[in-house]
There are 2 protein chains.
Amino acid sequence: MKDKGISSAVTKRLPRYYRYLSDLKASGVERISSKELSEKMKVTASQIRQDFSNFGGFGQQGYGYNVDNLCTEIGKILGLDTKRKLVIIGAGHIGQALANYQGFSKRGFILSGIYDADDSVIGSRVGEYSVKPMPSLKEDIKKDDIKIAVIAVPKHAAQDVANMVCEYGVTGIWNFALVDLKAPDSCVVENVHLVESLMNLAYNISVKES
Amino acid sequence: MKDKGISSAVTKRLPRYYRYLSDLKASGVERISSKELSEKMKVTASQIRQDFSNFGGFGQQGYGYNVDNLCTEIGKILGLDTKRKLVIIGAGHIGQALANYQGFSKRGFILSGIYDADDSVIGSRVGEYSVKPMPSLKEDIKKDDIKIAVIAVPKHAAQDVANMVCEYGVTGIWNFALVDLKAPDSCVVENVHLVESLMNLAYNISVKES
DNA sequence: TGTAGTTTGACATTTTTTTCACATAATTTT
DNA sequence: AAAATTATGTGAAAAAAATGTCAAACTACA
């Protein structure tokens with residue numbers, strides 16, 4: 001049972017903590033204090049302690065935090081201890097790039113297949129997968145217990161695809177189409193808008209220039 | 001001359017406003033009130049007005065906002081009226097996907113070339129571009145007045161590439177490598193961490209499940 | 001075992017962000 | 001042309017988030 005009452009300002013920082021802690025662990029660091037971590041991550045030590053204490057606190061006075069333990073605990077909070085299967089819908093450039101991304105499994109995600117509506121790409125290879133036709137989706141999602149749909153189709157088709165996969169039972173959508181998708185309460189949507197990130201960069205460049 | 005004193009909580013919302021306004025404009029909507037926009041975007045009308053008023057206010061009492069005008073003004077604030085050239089460094093899956101992305105030019109970005117350190121991919125075609133070798137970068141950035149470097153190389157190489165392009169004179173880095181890149185004051189960095197977005201989705205799914 | 005030094009977690013304070021509420025001004029209707 | 005409606009921009013209030021502080025608790029080392 002997980003606490004639903006934690007502000008998203010806090011939970012949005014967790015993945016970044018997780019990334020830094022994974023790196024520290026990988027480089028053999030055993031313990032770290034909020035002060036050291038704050039210097040690496042460019043946030044205040046106070047915020048780090050406050051964030052962690054939201055989940056009960058994982059540190060020890062006079063010692064700091066055990067990197068391995070902290071990493072595991074944050075992983076659990078993020079739900080990375082649960083293996084989740086996902087499908088990619090849309091075998092265009094973004095869909096292909098995501099299909100070839102090797103980092104999913106490290107974080108508990110298992111790519112199960114890639115789908116497209118265009119007959120001419122069905123059967124073509126993307127990484128180690130063969131592109132499947134859309135009508136297979138319904139069956140596959142139910143049969144293989146697919147939890148997440150990655151939507152990488154054109155804007156105009158995205159909401160229809162979302163409605164479809166929600167109906168078939170996915171609990172999460174990772175959306176790369178240029179719209180904010182809507183979904184029923186049973187399904188969580190995470191919209192990724194690369195263009196917005198680029199515009200933000202443009203803004204920051206403009207400000208600096210002036 | 002642009003106001004540097006506006007909080008990033010506000011400026012981070014501008015790209016999303018811009019996206020919605022572009023869509024409205026494209027579908028022929030001429031005017032919109034903060035109330036209508038707030039319903040579409042699922043934010044409060046008050047926030048919209050407050051955000052816009054940071055830049056002087058673009059609306060008219062009793063009427064609302066002129067979509068075309070508002071879109072143009074926000075575009076200017078974001079610096080989208082200035083055409084900026086960019087290069088992609090790293091011709092892997094992400095680099096290729098970005099190179100094939102058609103939306104850059106619509107927002108004032110002009111892809112100038114794609115580069116890779118691996119000799120075996122030099123010269124191969126990516127979209128309408130031919131992959132160039134890294135040593136060409138220095139010359140090309142200066143000659144073609146490249147402003148932005150998109151970094152899509154492996155984690156361990158990313159900081160070196162960043163240092164390099166900063167030295168050659170780029171003013172912005174759009175980073176897809178799994179590290180937070182550091183750069184001198186002359187260069188703005190926008191880190192895109194797709195895995196963090198996916199972890200955030202995982203968290204939200206977990207919370208819902210419990 | 002005792003003591004000096006370190007570091008957390010909690011709480012108080014400050015700062016930032018969001019929301020509310022309304023005076024003002026334009027539009028729209030009658 | 002007047003009245004009714006609409007809707008902005010702003011200053012003030014409320015809420016949320018970040019930061020500072022410190023007692024308590026542990027570590028480390030002699």
Side-chain angles (χ1 to χ4, degrees), chain A residues 3-17 20-21 24 29-74 77 200 203-204 207, chain B residues 3-17 20-21 24 29-74 77 180 196 200 203-204 207:
Chain A
D3 195 333
K4 295 174 198 230
I6 291 169
S7 91
S8 76
V10 174
T11 64
K12 284 209 209 90
R13 284 193 290 264
L14 294 179
R16 187 155 178 265
Y17 290 132
Y20 273 82
L21 290 166
L24 284 168
V29 178
E30 268 183 31
R31 59 185 269 191
I32 195 157
S33 68
S34 58
K35 185 155 169 286
E36 284 174 280
L37 192 55
S38 80
E39 282 155 11
K40 280 188 197 297
M41 297 187 63
K42 311 280 181 199
V43 294
T44 63
S46 184
Q47 180 165 76
I48 291 174
R49 293 202 299 276
Q50 181 112 313
D51 283 350
F52 293 168
S53 79
N54 274 294
F55 302 97
F58 308 113
Q60 193 154 48
Q61 283 152 324
Y63 177 89
Y65 299 88
N66 176 283
V67 171
D68 188 41
N69 174 248
L70 184 55
C71 191
T72 305
E73 289 301 324
I74 294 179
I77 294 164
N200 195 45
Y203 174 81
N204 289 127
V207 170
Chain B
D3 194 333
K4 298 177 196 226
I6 291 169
S7 91
S8 76
V10 174
T11 62
K12 284 210 211 88
R13 284 192 289 264
L14 294 180
R16 185 153 180 265
Y17 290 131
Y20 272 82
L21 291 165
L24 284 168
V29 178
E30 267 183 33
R31 61 185 266 192
I32 194 156
S33 67
S34 57
K35 185 156 169 285
E36 285 174 281
L37 191 54
S38 79
E39 282 156 10
K40 281 189 195 297
M41 296 187 64
K42 310 283 182 197
V43 293
T44 65
S46 182
Q47 180 163 76
I48 290 174
R49 293 201 300 275
Q50 185 94 298
D51 282 349
F52 293 167
S53 81
N54 274 293
F55 302 95
F58 309 112
Q60 192 154 49
Q61 284 154 323
Y63 177 90
Y65 300 89
N66 177 282
V67 172
D68 188 38
N69 174 250
L70 184 55
C71 192
T72 305
E73 289 301 325
I74 295 180
I77 293 164
D180 293 330
E196 288 180 23
N200 195 45
Y203 174 79
N204 289 127
V207 170

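Order of the sequence lines fixes the chain letters, A, B, ..., with proteins taken first and strands second; residue numbering starts at 1 for each chain. Bear in mind the structure is a predicted one, so any value in this text is a computation, not a measurement.
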Under 4.0 angstrom between [X] side-chain N/O and [N] OP1 or OP2:
{"X": "B/R13", "N": "C/dT18", "value": "yes"}
{"X": "A/Q60", "N": "C/dT8", "value": "no"}
{"X": "A/T44", "N": "D/dA18", "value": "no"}
{"X": "A/S46", "N": "D/dA18", "value": "no"}

Position toward the 5' end of DNA chain D (nearest nucleotide), A/R49 or B/Q61 =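 Residue closer to the 5' terminus by nearest nucleotide: B/Q61.
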When the nearest nucleotide of DNA chain D is assigned to A/V10 and to A/G62 on a heavy-atom basis, which residue is associated with the more 5' position?
->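 The residue whose closest nucleotide sits nearer the 5' end is A/V10.
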May I have the distance from [X] (atom [atom1]) to [N] (atom [atom2]), rounded to whole angstrom?
{"X": "A/F58", "N": "C/dT8", "atom1": "CZ", "atom2": "C1'", "result": "13 Å"}
{"X": "A/R31", "N": "D/dT27", "atom1": "CZ", "atom2": "C1'", "result": "7 Å"}
{"X": "A/E36", "N": "C/dT6", "atom1": "CD", "atom2": "P", "result": "12 Å"}
{"X": "A/F52", "N": "D/dA18", "atom1": "CZ", "atom2": "C1'", "result": "16 Å"}
{"X": "B/Q47", "N": "C/dC20", "atom1": "CD", "atom2": "C1'", "result": "13 Å"}
{"X": "A/N54", "N": "C/dG9", "atom1": "CG", "atom2": "P", "result": "11 Å"}
{"X": "B/N66", "N": "D/dT8", "atom1": "CG", "atom2": "P", "result": "13 Å"}
{"X": "B/Q50", "N": "D/dA15", "atom1": "CD", "atom2": "P", "result": "16 Å"}

Identify whether NZ of Lys or CZ of Arg in B/R31 sits under 6.0 Å from the centre of the six-membered ring of B/Y63 and within 45° of that ring's axis.
->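 Judged by the rule, B/R31 and B/Y63 form a cation-pi pair.
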So what does A/Y65 hit on the nucleic acid, given a heavy-atom distance under 4.0 Å: a base, only sugar-phosphate, or nothing?
->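 Sugar-phosphate only.
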Minimum side-chain heavy-atom gap A/I48-A/Y17 below 4.5 Å |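 A side-chain contact under 4.5 Å exists here.
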Looking only at non-hydrogen atoms, find the nearest pair between A/L24 and A/I32 and report the distance.
->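 For A/L24 versus A/I32, the nearest heavy atoms are CD1-CD1, 3.5 Å.
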Go through C/dT17, D/dT19, C/dA21 for me and flag the one nearest to the B/S7 side chain.
->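 Shortest atom-to-atom distance from the side chain points to C/dT17.
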Does atom CD of B/E39 have more than 12 heavy-atom neighbours, drawn from other residues, nucleotides or ligands, at distances under 6.0 Å?
->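 Correct, the count exceeds 12.
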Does B/D180 pair with A/K42 as a salt bridge, N-O distance under 4.0 Å?
->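 Answer for the salt bridge query: no.
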